[in-house]
2 protein chains.
Amino acid sequence: MANIKEIARIAGVSVTTVSRVLNNHPYVSPQKRAAVLATIEQLNYTRNMNAVHLITGRTGAIGVVIPNINYYYFSAILEGLAREALPAKYRLILCQTSYRPEEELQVLDMLRNKEIDGVVIVSTALKPETIEAYTAYGPVVTCQDSGERRFSSVYLEHYAAFWHGLQYLRNKGYRKIGYFEGRQHGSSSGLRQKAFGDFHRESGIPLHPEWIMFDCATEEDGAAALDRLWQMEERPDALIIAGDHVAAGLMIAARSYKIRIPEDLAIIGFDNQPIGRLLGLTTIDNQLFEMGAAAFRIIHDQINEDAPSPVYRKLDYRLIERTTV
Amino acid sequence: MANIKEIARIAGVSVTTVSRVLNNHPYVSPQKRAAVLATIEQLNYTRNMNAVHLITGRTGAIGVVIPNINYYYFSAILEGLAREALPAKYRLILCQTSYRPEEELQVLDMLRNKEIDGVVIVSTALKPETIEAYTAYGPVVTCQDSGERRFSSVYLEHYAAFWHGLQYLRNKGYRKIGYFEGRQHGSSSGLRQKAFGDFHRESGIPLHPEWIMFDCATEEDGAAALDRLWQMEERPDALIIAGDHVAAGLMIAARSYKIRIPEDLAIIGFDNQPIGRLLGLTTIDNQLFEMGAAAFRIIHDQINEDAPSPVYRKLDYRLIERTTV
DNA sequence: GTAAAATATGGAATGGATTTCATAGCAAGT
DNA sequence: ACTTGCTATGAAATCCATTCCATATTTTAC
C-alpha cells in the first residue's frame, strides 16, 4: 500500500509537503499542492490513521461504558451522545458492561493505552475512587451523581425528583404507596430508595416494605410485579415506578385484573418514554437525550484543555402530568 | 510517559525481550521476565496501543453502521453483536447514520484507513456496488439480503416471512388486510411490499393501497396510523405490522375506539419484542439477537483469512401464535 | 563425541505519519 | 542599503511497539 513517502517521491516533493497538503496547512504552492493531490488520487492513497494516532497522541474516539444497550434509559443517553459526537467528528466506542467491573476497567485502560481520548460512563459498578485514578490519563465523565469527585458528571437529582413524585402522590391523597425499582444496588436507585424511606418517615405515612419490588427491568417484570402485589392481602393505592416501560407492562397487565387507573391504582413513572406518552402515563422526565449530549460536550471541552477541572452539571427533572394519577 | 525502551533500559534487557514478555512469547528466562515485570509495575507502564495497531496492522475494532440506536430492531441486533464481540476481545465502534450515506462512507473509510478490522452494516442507504468496492480493504457483512455480492450477509427472507404472515391471516379467514411499514424505501421493507402486492394478486384478494401506512417507526406512529384508518369508510379486518412496538401503539390506541382484537381487527407483528409478548401479540420472530451474533462470527472468521470468500447466512423466521389473530 | 534442535537474547529495520528546525527567496518598511 | 517578516520547502527527529535476523548458549539425539 502506498504511503506518504511514496506519494512524496512520485509527486516530486518532500514528505513534509505531502503532510501539509493532507492537513490543509498553509505555505504550499498551488502547483505542488496540485501535484500531490493528483498523485494521491492516482495511487488511491489514504492515510494510515494508526500512524496519525501514534504521533498525535489523539484518536478522535470516546469510550462509552454502558451496562445494557437494549434498555431505553441507556439507549436514549447513547442517542444523545451520538447526536453530538458524530457531527463533531468523534467516534463512540461502545462497551456493554452488564455492570461487570472488568469490562469497565478495560475501557478505562483504553484511555491509559491512548486508544481513546475520553470516557463517558453512563452507569457504573466501580467505586468513584477507582475512576478517579484514571483521570490522570484523560477526561472522564459519568452520568450519575458521584459527589464532587476529580472527574466530571452530568446528573439528575434522583433524590429530589423522586421526592417530588411522592409529594405529588401525597397531595393527590394517596397514602399507600408501592415502589418498583430496577437494580437494588446502584447509585441513583440508592438515592431513590433513600428518598422513599425518608419521605415516609418525614410525612408519617407508614412504609410497606413488601410493596417495594426490585429487579424490575422490563415490561414483563412490571407485569410480574403486579401479579405479586395483587396476591397480597393489603395493596397499595399508588405506585411509583422507575422506568416507564416497566409501568407500561404493569398497566397492560392491570387490564386483566380489571384494575382502574388511577381510581384503583395511581401510577407515576420515570423517563418520559414514548410508550408512556401513549398510555397517558404521568411521569418524571429526566432529560436523557440532554444528559448524553451534555456528557459529550463536557468531554469534548476537556479533551482540549491540558489540566481540566471537573465540571458538575445538574439537569432539571420535570413532572409531566397525564392521566394515571 | 514510559515506553518500552525505557523499560528495557531500566530492567537491563533489550526491547525485544520486553516485547516478548508483554506478548507472552516463549524464550525468555524467568529471571529476565521477572525483572521486566517488576519494572513495568514500578513505572506503571502500559503499551501505547496506537503503536501496536500501527505495526500489526490490526486494531481489534469493528465498525457498526446502524441507522438508529434507539429502535428495538437495531438495538437488538447491536445487543447480539456486543454479546459475541466483547468476549472475543473485539471492540465495537458505533456509527449512527440515520441512513445518511456520508456517515456510512465514513465508517467504510475507517476500514480503508486501517482504523477498524471489519464493518458490520446493519442497515444501509448505500448501493451494494459501493459497499463491494470497499471489500478490498477488509471484511464487510450486512444484515440484509443484498443477493450474492462480494461481501457477506446474514439475512432473513423478508419476502417469505411476510408471505407466511399473510397466508396465516388468509387461512384464518381475513380478506381485508392493511399494512403498516417503517421506511417506504428500504431493502427489506421493499421485499415486504413486494410480498404484500404479490400475495394479493395471487390470492385474488383485493388490495387497498389506502390501508398501507408508511413511516410507522414508533409506538405513537402506530397509534396515529390507526386514527387515520378508523376515519375511513371502509376498514380492514386485519393488519400486518412491521415492528411489534408499532403494533403495541396501535393496540393501546385501539382501546379508546373500543376495537376488539382480534374480533374487530386482527393483528400480526414483527420482531417478537417484549412489549408484544406482554400484549399477547401474534408475531413473526426474526431472530434479531442471532442476526447480530452471526454477523460478528462471520466478520471474526474473515478477519483471520487472507482472501475470504463471502458467506450468505440465511436465518429462519418463526410465526409465534398468540392471541391477536 | 558430535550434529541437530531448542532456548535465550539483542540489534536493527519496520510500520506511517507529524512536526521542529533550518534554509532560502522575496517583498515591504525605514 | 539593511532589517523585518512572510512564503515555501525539505531533512531529520519523533511517536512506540513488533519482528526478522543473527548469534550464543544449552539440551537432546544418535
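Quick caveat: nothing in here was measured; it's all calculated off a predicted structure. Residue numbers begin at 1 in each chain, while the letters A, B, ... track the order of the sequences.
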Distance, rounded to the nearest Å, where B/H25 contributes NE2 and C/dA6 contributes C1': 17 Å
Short side-chain N/O contact to C/dA8 OP1/OP2 from B/R33, under 4.0 Å: no
Short N-O contact, B/R47 and A/E115, less than 4.0 angstrom: no
Which protein N or O atoms sit under 3.5 Å from an N or O of nucleotides 24-29 of chain D?
none

A/E115 CD - D/dA17 P separation (whole Å): 13 Å
Sorted by number, the residues of residues 9-23 of chain A with heavy-atom contact under 4.0 Å to DNA chain C: A/T16, A/S19, A/N23
Minimum-distance nucleotide (side-chain atoms of A/N3 versus D/dG10, C/dG16, D/dA17): C/dG16
Letter per nucleotide, 5' to 3', of nucleotides 23-28 of chain C [B base touched, S only sugar-phosphate touched, - untouched; heavy atoms, 4.0 Å]: ------
Under 3.5 Å side-chain donor-acceptor pair for A/Y155 and A/T142: no
Reference residue A/V154; test side-chain contact (heavy atoms from CB on, under 4.5 Å); the match among A/I77, A/V141, A/V120: A/V141
Residue-level proximity of residues 52-63 of chain A to DNA chain C when a heavy atom falls under 4.0 Å: A/V52, A/L54, A/I55
B/P26 vs B/A51, nearer the 5' end of DNA chain C by closest nucleotide: B/P26
Protein-nucleotide distance (A/N50, atom CG; C/dT18, atom C1'), rounded to Å: 15 Å
B/R183, CZ atom: more than 12 neighbouring heavy atoms under 6.0 Å: yes
Pair A/I131-A/V119, side chain to side chain contact (heavy atoms under 4.5 Å, CB included): steps then yes or no: CA-CA 10 Å; A/I131 298 173; A/V119 175; over 6 Å; no
Pair listing, side-chain hydrogen bond (donor to acceptor under 3.5 Å, both in side chains) test, anchored in residues 32-41 of chain A, at least two apart: none
Student check: side-chain heavy atoms of B/I116 and B/I62 closer than 4.5 Å: no
For atom CG of B/N24 and atom P of C/dA8, their distance in whole Å: 14 Å
4.5 Å side-chain heavy-atom contact, B/L126 and B/L108: yes
No-hydrogen, no-angle side-chain donor-acceptor test under 3.5 Å, A/N70 and B/Y72: no
Angle of first-five versus last-five pair axes in the helix from C/dG1-D/dC30 to C/dT30-D/dA1, to 10 degrees: 30°
B/E132/B/K127 ion pair, N-O < 4.0 Å: no
B/S123 backbone acceptor or donor facing B/Y99 side chain under 3.5 Å: no
Polar side chain donor-acceptor pair, B/S14 to B/T17, under 3.5 angstrom: yes
Rounded distance (Å) that lies between atom C1' of D/dA13 and atom NZ of B/K5: 11 Å
A/I7 side, atom CD1; A/L43 side, atom CG - distance, nearest 0.5 Å: 4.5 Å
Gap between atoms CZ and P, on A/R47 and D/dC15 respectively (whole Å): 20 Å
Distance in angstrom units between B/Q31 CD and C/dT9 C1', rounded: 13 Å
N/O donor-acceptor pair under 3.5 Å between A/T135 side chain and A/F151 backbone: no
B/D109 (side chain) donor-acceptor with B/R112 (main chain) under 3.5 angstrom: no
Sugar-phosphate, base or nothing in reach of B/K32, heavy atoms under 4.0 Å: sugar-phosphate
OP1 or OP2 of D/dT7 under 4.0 Å from side-chain N/O of A/S29: no
B/T124 side chain to B/Q144 side chain, donor-acceptor N/O pair below 3.5 angstrom: no
Rounded distance (Å) that lies between atom P of D/dT19 and atom CD1 of B/I4: 11 Å
Among D/dT9, C/dT7, D/dA17, the nucleotide that comes nearest once only the side chain of B/Y27 is considered: C/dT7
CZ (B/R313) with more than 12 external heavy atoms under 6.0 Å: no
